Amino acid sequence: GPSYRAFGGRMMSCFPMSIQVVVLLQASVWITACAILSYASVSPNAVRGISPEGEKYYESETIWCKDLSKSFSRERLNDDFCDCPDGTDEPGTSACPGGMFYCRNAGHVPLSIFSSQVNDGVCDCCDGSD
């Protein structure tokens with residue numbers, strides 16, 4: 001089963017697969033280790049903040065905003081600058097207002113959070129990916 005550790009009154013779990021992470025230092029170190037290990041099991045072509053089902057949309061070198069307002073190059077994906085009014089180009093940052101971020105939550109139920117919660121210093125995803 002999953003390995004649970006309590007920090008700050010919250011129960012956090014990490015990597016219930018073959019690797020069990022036990023870090024007895026600070027919660028931030030534990031969460032960082034958890035996120036690093038969970039990304040090790042993700043495809044190297046994975047786009048941060050996108051569900052596995054949505055990754056095909058981002059495969060080409062030229063990508064269209066989902067609202068079809070314009071296109072952008074793959075190198076501008078998650079560059080922390082909002083190019084698309086709908087946030088298509090920034091699924092893994094908080095650059096675009098109203099965007100959504102997909103938490104893979106390895107070992108847990110995946111969920112989506114508002115992009116404004118990404119890189120805000122608060123761990124909203126169980127896997128620490130935000």
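Note that the structure is a prediction, hence the values are computed from the model and not measured. Excluded from the calculations below are hydrogen atoms, water molecules and symmetry mates; all remaining heavy atoms, backbone and side chain alike, are included.
Counting only residues at least two apart or in different chains, salt bridge (charged side-chain N to carboxylate O under 4.0 Å, His left out) contacts with residues 76-95 comprise R76-D83. Screening residues 57-66 for side chain to side chain donor-acceptor pair (under 3.5 Å), with sequence neighbours left out, gives no hits.
F81 and V118 fall into different hydrophobic clusters, where Ile, Leu, Val, Met, Phe, Trp and Tyr residues are linked whenever their side-chain heavy atoms come under 4.5 Å apart, directly or through other members.
S94 and S116 make their closest contact through CB-CA, 4.1 Å (heavy atoms, listed as atom of the first residue, atom of the second, distance). Here the closest heavy-atom approach between residue N78 and residue V47 is recorded as ND2-CG1, 3.9 Å. Considering every non-hydrogen atom in both N105 and C126, the closest pair reads OD1-N, 2.9 Å.
Side-chain contacts under 4.5 Å among hydrophobic residues (ILVMFWY), followed directly or transitively, place F114 together with M100.
Between P91 and L77 the shortest side-chain heavy-atom distance falls below 4.5 Å.
The side chain to side chain contact (heavy atoms under 4.5 Å, CB included) search around P52 returns Y102, R104, not counting sequence neighbours. With sequence neighbours excluded, the residues forming a side chain to side chain donor-acceptor pair (under 3.5 Å) with D67 are S69, listed by chain and number.
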| request: Kindly indicate, with the supporting measurements, whether the criterion disulfide bond (SG atoms under 2.5 Å apart) is fulfilled by C103 and C125. | output: CA-CA 6 Å; C103 301; C125 300; 1.8 Å; yes
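Remark: SG of C84 is not found under 2.5 Å from SG of C96.
For the atom pair CG (D124) and OG (S112), the distance works out to 12.5 Å, reported to the nearest 0.5 Å.
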